[in-house]
Protein chains: 2
Amino acid sequence: MAIVGDALMDMHGIAKIAGVSSATVSRVINGSKLVRPETTGRVQRVIDELKFFPNSSATTLKHGKSSTYGLIIPDITNPFFPEFIRCFEKILVENNRDMLMATIDSHATRMQQSVRRMLVRKVDGVVLLAAEIETEPIEALIHNKVPLVTLERRLVAPWVSDVMVNYAAGIGLAVAHLKELGHTKIGYIGASAGPTISNHRVNGFKKALKKYGLQLYPEFIRVGDYRTTGGQTGMTELLALKERPTAILAANDLTAIGALRTIYQRGYTVPGDFSVIGFDDIDLAGMLYPPLTTLCLPRQELAETVYKALEFGREHKSAVGQQYTMKTSLVVRESSGVAKAAKRPRSR
Amino acid sequence: MAIVGDALMDMHGIAKIAGVSSATVSRVINGSKLVRPETTGRVQRVIDELKFFPNSSATTLKHGKSSTYGLIIPDITNPFFPEFIRCFEKILVENNRDMLMATIDSHATRMQQSVRRMLVRKVDGVVLLAAEIETEPIEALIHNKVPLVTLERRLVAPWVSDVMVNYAAGIGLAVAHLKELGHTKIGYIGASAGPTISNHRVNGFKKALKKYGLQLYPEFIRVGDYRTTGGQTGMTELLALKERPTAILAANDLTAIGALRTIYQRGYTVPGDFSVIGFDDIDLAGMLYPPLTTLCLPRQELAETVYKALEFGREHKSAVGQQYTMKTSLVVRESSGVAKAAKRPRSR
DNA sequence: GTGAAAGCGCTAACAA
DNA sequence: TTGTTAGCGCTTTCAC
């Protein structure tokens with residue numbers, strides 16, 4: 001809308017001023033080659049003059065699709081997500097698509113509302129990066145034939161694609177790294193208990209332990225919440241144990257940061273007393289004291305994959321979605337070091 | 001839209017199935033009391049059954065407004081913004097408004113595109129939290145009579161409100177705190193040089209120095225970028241000086257984190273060798289080593305203020321906007337301590 | 001209490 | 001090359 005006098009402008013108004021019909025205005029705006037250059041110029045001048053912008057509700061209504069993709073994330077406060085959003089939004093902007101973001105803050109009602117927003121806005125697809133997924137709201141999406149991309153549901157179907165993270169391999173790397181440093185007692189601070197995405201990470205951990213012939217101490221596996229608080233309580237519990245791990249794997253970097261905090265607060269040091277390894281490799285990981293060793297889940301690549309899946313869904317409506325895989329890599333920094341027990345013998 | 005067979009559903013379809021007219025369906029969806037309870041029930045059942053959601057493009061088109069507010073931020077990777085978004089989105093959801101977010105990553109074209117998105121989507125107002133604001137894109141908003149809320153432009157006009165942060169007071173607190181700890185040589189790592197929002201912070205710093213009778217060393221004022229990298233280079237420059245400050249004020253927490261990193265990397269400690277004070281009080285500030293002393297800019301309050309301003313603009317179209325003020329408070333943690341020079345005499 | 005119909009701003013046949 | 005027109009899905013008078 002632009003304004004003349006006090007009225008909101010539309011293509012009709014532009015047309016009248018430029019002395020053409022609204023169809024021509026539409027053609028000019030959409031770059032049709034059927035318009036005579038001088039007409040184009042005349043119309044364009046009016047558009048610029050009046051700073052006119054076409055109403056997307058009208059085009060969306062007309063076309064039946066919005067060129068908008070929805071993104072649902074659990075917690076925008078976890079730096080991993082902003083970093084992902086940054087990559088994702090950039091891709092969308094470059095491809096003339098809009099983003100509709102919703103965060104659910106682990107509230108079931110917020111999830112409902114988010115899905116509703118996606119549905120009423122007629123998004124062309126939805127990315128669901130939420131960890132704990134309830135099936136009910138998803139059904140509304142599928143029922144309405146909205147292409148869906150999930151993370152780590154490891155399940156594709158008509159309208160739904162999935163991208164899985166190869167946790168087993170990544171965590172294997174981390175465990176191998178720790179073993180090399182002489183650690184044999186490794187703890188894990190994960191997320192909530194339910195049968196969710198978080199399980200893939202714990203299971204990956206257990207498998208890695210077995211693979212490298214390390215003993216699994218059940219009390220070394222603590223529950224967290226993907227936030228720093230979970231890292232703190234988890235670490236506090238670990239410190240309360242008679243027999244303690246010498247290294248801790250955290251379900252994400254925030255958890256690792258919480259663990260680090262508790263360790264220092266109790267007067268211990270990293271990696272002197274404990275090695276800590278995170279997951280995600282958020283931007284800040286390298287800025288911490290000590291810089292965090294962590295498994296990198298590349299956001300740029302994830303964003304590209306997700307976008308690819310979305311476009312696939314858009315173009316192959318009703319087709320069974322694709323299964324994509326993401327690799328992780330170990331970024332060794334300074335929060336992992338030689339195990340204490342392993343060090344002592346040397347200094348004798 | 002919901003589906004029957006293979007067709008996309010609309011109110012007409014629902015109406016036909018329920019044996020009513022589309023007008024009645026509309027009434028039911030909008031909770032009109034003019035519909036007989038049994039009719040309502042019958043219609044609602046069909047709606048639920050078919051998981052029907054009304055098309056927001058149609059309602060927006062009809063009503064001429066979208067119930068959407070736009071939010072433009074510079075860098076979603078700076079934790080302050082996600083934390084703000086979290087509060088802001090919550091308020092919007094509670095008030096049945098939608099959010100359209102755009103990040104500009106300090107690219108002029110992205111700013112253009114963002115404003116364009118806001119305009120075509122017919123948002124009912126825009127919040128511009130970007131630090132470095134060019135006037136040109138803003139004009140398009142004002143010209144199209146979109147209520148605008150800016151941060152720290154310190155200038156209101158028809159259609160535009162502003163919320164300013166009382167930097168002077170906050171920085172005064174920080175400087176007073178440092179003086180009390182015996183610091184007399186205080187450095188500052190800010191943001192880019194231009195005549196922008198960042199100036200309010202440097203100016204506040206200079207004024208505070210004067211107010212507390214502290215000397216201003218021009219070479220102690222370094223340029224940053226509101227990110228960790230700026231903190232690192234700024235601190236590196238400060239360390240290269242023959243005469244160094246004993247305390248550093250950073251333009252935001254990310255800058256402070258970068259400074260902290262460089263300090264530790266060079267073998268110094270905080271607050272032993274240098275005191276560091278940040279700005280924002282991001283969630284992670286208390287999790288760092290050492291926990292960061294910082295000026296808190298409360299996001300919840302900011303979100304509420306911004307929302308209030310937005311609603312004001314919506315209701316008092318064409319009126320001159322309001323000027324709001326935000327206070328900051330000093331959160332003393334462990335990155336600030338007694339000045340080195342001040343300590344020595346005591347230990348003699 | 002419910003239905004018929006006009007119209008929000010835009011696009012795409014179809015006409016000219 | 002340009003104009004006319006129907007209609008996207010919804011709301012809202014105005015009838016009944």
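Because the structure is a prediction, the values reported are computed rather than measured. Letters go in sequence order (proteins before strands), and every chain restarts at 1. Quick note: numbers below take in every heavy atom, side chains included, and nothing from hydrogens, waters or symmetry partners.
Comparing D/dT2, D/dC14, C/dT11 against the side chain of A/N30 picks out C/dT11 as the nearest. Distances were taken from every side-chain heavy atom of B/T39 (C-beta onward) to each of D/dC14, C/dC10, C/dG1; the shortest belongs to C/dG1. Of the candidates D/dC14, C/dA12, C/dT11, the closest approach to any side-chain atom of B/R27 belongs to D/dC14. Looking at the side chain of B/A58, the nearest of the listed nucleotides D/dG9, C/dC10, C/dC14 is D/dG9.
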task = Check step by step if salt bridge (Lys or Arg N to Asp or Glu O under 4.0 Å) holds for B/E94 and B/K90.
result = CA-CA 6 Å; B/E94 282 166 0; B/K90 185 153 181 284; 3.3 Å; yes

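Residue A/H63 has a polar side-chain atom (N or O) positioned under 4.0 Å from OP1 or OP2 of C/dA12. Within the 4.0 Å cut-off from OP1 or OP2 of C/dT2, at least one side-chain nitrogen or oxygen of B/R36 is found. At least one side-chain nitrogen or oxygen of B/T24 sits closer than 4.0 Å to the OP1 or OP2 atom of C/dG3. A close approach under 4.0 Å does not occur between any side-chain nitrogen or oxygen of B/S22 and OP1 or OP2 of D/dC10. For the pair A/S26 and C/dT11, the criterion of a side-chain N or O lying under 4.0 Å from OP1 or OP2 is met.
Nucleic acid contact class of A/V25 (heavy atoms, under 4.0 Å, all strands): none.
Side-chain to base pairing of A/K62 with C/dG9: no donor and acceptor N or O lie closer than 3.5 Å to each other.
For the pair B/D162 and B/R153, the salt-bridge criterion is not met [side-chain N within less than 4.0 Å of a carboxylate O].
The interatomic distance linking B/F53 (CZ) with D/dG9 (C1') rounds to 16 Å, in whole Å. Note: CE (B/M11) to C1' (C/dG3) measures 15 Å, nearest angstrom. In this entry the distance linking NZ of A/K16 with P of C/dC10 reads 14 Å, nearest Å. Rounded to whole angstrom, the span from the NE2 atom of A/H12 across to the C1' atom of C/dG9 amounts to 10 Å. In this entry the distance linking CG of B/L61 with C1' of C/dG9 reads 5 Å, nearest Å. Here the P atom of nucleotide C/dG1 and the CD atom of B/E38 are 11 Å apart, to the nearest Å. The nearest whole Å value for the distance from the CG atom in B/N55 to the P atom in C/dG9 is 16 Å. Rounded to a whole Å, the CE atom of B/M9 is 15 Å from the C1' atom of D/dC10.
Atom CD of A/E49 has 12 or fewer heavy atoms from other residues, nucleotides or ligands within 6.0 Å. Atom NZ of B/K317 sits in a crowded spot, with more than 12 heavy atoms from other residues, nucleotides or ligands closer than 6.0 Å.
Note: B/L151 CG to B/L297 CG = 7.5 Å, rounded to the nearest 0.5 Å.
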